[in-house]
Amino acid sequence: MTSVFTAFSSMRLASPWAPIGRIFACFFLTLAWSCVPTAHAHEVTPEQAAGKGYVFIYFPKRLGVLEVRPVSGGSTVKLRQREGAGGRAFGAWLAPGEYRLSNWDTYPWGDYASFRVEAGRVTDLGSLMPYNIGGYQEVVLPLRAAENAHVVDEVFKQYGSLLTSTDPITWTPTSVPQPIQLTQGYTGLGLIADMLMAHDRKVNKPSTIAQLKGATSTEEFLHLARSVTAPLYIHPAQDPGGNFYFGADLGQIRIRHADGNWSGIGMDTLHSLSAVAYVDGVLYAGSDDGVLRSSADGGQTWHDVRSFGKDQAIIDIEHEDTTWIVTTAHQLLTDNGAVRPDEMTVYTTQQGGLDALEKSREFLLEKKLLGWVGAMGQLVHGSYFISTHDGLYRYDLAPRQWKTVTPPSNITTFHVDPATGVVSTLLSKGAFSKVFISSDKGDSWKGVKRPPYLIADVQFDNPTKGYAIRAESGAFKVTWEIYTYDASADDWIQESKAPPLCVPQRVSASLPVYCIASDGSILSKRGNDWNVEFSAQ
């Protein structure tokens, strides 16, 4: 049960984007993209390129505005978006000389290693990856990622006749750039509103991850970042020993062991592992660039099973008996630089394994999905459930048939209990929120009273035992609360509160409620107490 929004997010936020957090984050993320240049690089004439070299950069994660400046002084030049490479490549023709990175978005880069431009040659700056280290600080890390090594080849194909050499000048700095201090933008609502936002920012300042700030090389930084990457997806795989495997960013799988300790395994990719499954001793992982991999040795080595395309995020992997189900979502890079899903595809096979997957159904997604936390898929007792904002759909394995089982409302999120098969749905819409439950796989529905809003998640283990996570908004902070359902009164009772700046998640009845702190540390609830299971510091 993964989220399309989280599958498309490459930003490292302070939490794994609990549903309400994802709604807010997606809204502000969309606003943040408004400054990304959208004009594509145009064809140039030999006269325009004469005496110049071409500078190339690739953004494997979040796009940004990159400006460069001659070391000797002069005006800054903004690298422009290129056609191809999924819209993530940028470049510009520059006069020969030494240059420095000048600005990232609206922030000055600071003193850093320069790069050289020569006439008739391509200067390959490699990849830039922004990473939030907490404390309103961001490091934009220069990388030489093997998976992106040949993206620059498109430049040689396009401008081969204008170049005098096919040997690129490579920029390979090894030191970590100074963190960029992210500032508060203006609200546009006046001085008082700006002052309130500044106070809120001060009160809720997330902790800086000290070990990341102290990294001295890009290699060390990336290694440490991978070791503290928090679980991003709330539908983990589980092995017979009671270990849970959560997909995370930067090619990582975070493992919650049966004794409450956490560890991690991973692979050499910068992409998020947006879906995981554990079947007969083999671990499967799907990434947000469409690659499905498997490991039979606990994650020590990985093998590509198949690729669905770089613009397809694998958002779910399910297995029951001989049936496999894999769901992907097409990623559309919009004009303002944001990524949104516009279509989901469900692949199924009942014989032959993953190589025999065939399309079973496609779902077109609306452009405006305010309040939707993303697609979720769940296979329970021979029925596969998947949601869009408009509906809930069930695929029954035995007759191989789809059925619409939408309750009397739109859907923000849903949950199917793996033991009882009870389905619960939530429409999170403030005072108009609605909760429904079904004991017959969605053929009929019963409405129950909603928890107090703002509601992030509702899960029912059976018709009388339910849990909810909600946010209580104060003047300058949000307190996350956990509620339980009282069937006799058809009402909700507050059970506990999460620690400050810690967003709770409930995965299943077999795993304690846990929360992700603002620095990526993980706490779990035992009785009335919260205990640290993993510290990112």
Side-chain angles (χ1 to χ4, degrees), residues 1-8 19 22 232-237 247 274-277 284 286 288 290 292 308 312-321 323-332 340-350 354 357-366 369 371-418 421-428 436-438 440-443 445 457-460 507-508:
M1 190 182 350
T2 56
S3 163
V4 166
F5 287 149
T6 48
F8 296 139
R22 286 196 290 267
L232 281 177
Y233 305 96
I234 61 173
H235 183 30
S274 44
V276 290
Y284 297 88
D288 65 5
L292 179 60
F308 293 88
Q312 297 286 337
I314 299 175
I315 61 174
D316 197 20
I317 305 170
E318 301 281 357
H319 179 268
E320 187 174 296
D321 296 329
T323 297
W324 286 94
I325 297 178
V326 175
T327 300
T328 67
H330 179 256
Q331 306 178 72
L332 179 66
R340 72 167 181 85
D342 64 348
E343 185 179 46
M344 296 188 305
T345 304
V346 180
Y347 298 83
T348 66
T349 181
Q350 292 187 312
L354 292 167
L357 286 171
E358 295 181 350
K359 287 184 180 181
S360 177
R361 183 160 180 176
E362 295 178 336
F363 297 91
L364 295 178
L365 302 177
E366 297 179 5
L369 299 171
W372 187 50
V373 303
M376 298 189 219
Q378 199 170 355
L379 176 59
V380 176
H381 300 170
S383 295
Y384 180 68
F385 296 83
I386 191 166
S387 69
T388 66
H389 181 259
D390 291 330
L392 181 66
Y393 305 89
R394 188 184 78 211
Y395 175 72
D396 295 317
L397 305 188
R400 303 187 188 185
Q401 291 181 347
W402 285 92
K403 183 176 182 180
T404 301
V405 292
T406 309
S409 75
N410 289 340
I411 296 174
T412 299
T413 182
F414 79 94
H415 173 76
V416 186
D417 184 80
V422 169
V423 186
S424 49
T425 68
L426 164 68
L427 170 64
S428 184
F436 290 91
I437 60 175
S438 173
D440 55 10
K441 298 185 176 183
D443 287 334
W445 294 94
D457 193 23
V458 169
Q459 299 180 13
F460 274 78
V507 173
S508 71

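All values reported here derive from a predicted model rather than from experimental measurement.
- Put simply, the side chain of Val380 does not reach to within 4.5 Å of the side chain of Val423, judged on heavy atoms.
- Residues Ser274 and Asp288 share a closest heavy-atom pair of OG-N, 3.5 Å.
- Note that CG of Leu365 and CZ of Arg340 are 8.0 Å apart. Values are rounded to the nearest 0.5 Å.
- A perpendicular orientation is assigned to the rings of Trp324 and Tyr284, their planes being inclined by more than 60° (bins at 30° and 60°).
- Separation of atoms OG1 (Thr345) and CD (Gln312) is listed at 5.5 Å; rounding is to 0.5 Å.
- Counting only heavy atoms from C-beta outward, the side chains of Tyr395 and Val346 never approach each other to under 4.5 Å.
- Using a distance-only test at 3.5 Å, with no hydrogens or angles considered, a donor-acceptor pair links the side chain of Ser424 to the main chain of Phe460.
- In this model, a donor atom of one side chain and an acceptor atom of the other lie less than 3.5 Å apart for Ser438 and Asp440.
- Checked by atom type and distance alone, the side chain of Glu362 never pairs as donor or acceptor with a backbone atom of Glu343 at under 3.5 Å.
- Not one N or O on the side chain of His389 forms a donor-acceptor pair closer than 3.5 Å with the backbone of Gly391.
- Here OG of Ser387 is found 10.5 Å from CD of Gln378. Values are rounded to the nearest 0.5 Å.
- Across Pro407 and Leu392, no two heavy atoms sit closer than the pair CD-CB, 4.4 Å.
- Ring pair Tyr384/Trp402 is perpendicular by interplanar angle, where above 60° counts as perpendicular and below 30° as parallel.
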Chi angles and distances behind the side-chain contact (heavy atoms from CB on, under 4.5 Å) call for Asn410, Asp390
CA-CA 5 Å; Asn410 289 340; Asp390 291 330; 4.2 Å; yes

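- In this structure Asp396 satisfies the salt bridge (charged side-chain N to carboxylate O under 4.0 Å, His left out) test together with Arg394, sequence neighbours excluded.
- To the nearest 0.5 Å, the span separating OH on Tyr347 from CD1 on Ile325 amounts to 14.0 Å.
- Residues Lys441 and Val405 fail the side-chain proximity criterion, which asks for heavy atoms closer than 4.5 Å.
- With hydrogens and angles ignored, the 3.5 Å screen pairs a side-chain donor or acceptor of His381 with a backbone N or O of Pro418.
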For Thr425 and Thr406, run side-chain contact (heavy atoms from CB on, under 4.5 Å): C-alpha distance rounded to whole Å, both residues' side-chain angles, the deciding distance at 0.1 Å, then the answer.
CA-CA 9 Å; Thr425 68; Thr406 309; over 6 Å; no

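- The CD1 atom of Ile411 lies 10.0 Å from the CZ atom of Phe436; values are rounded to the nearest 0.5 Å.
- With hydrogens and angles left out, the side-chain atoms of Glu318 and His235 include a donor and acceptor closer than 3.5 Å.
- More than 12 non-hydrogen atoms from other residues, nucleotides or ligands lie less than 6.0 angstrom from CZ of Arg361.
- For the atom pair CD1 (Ile314) and CZ (Phe308), the distance works out to 5.5 Å, reported to the nearest 0.5 Å.
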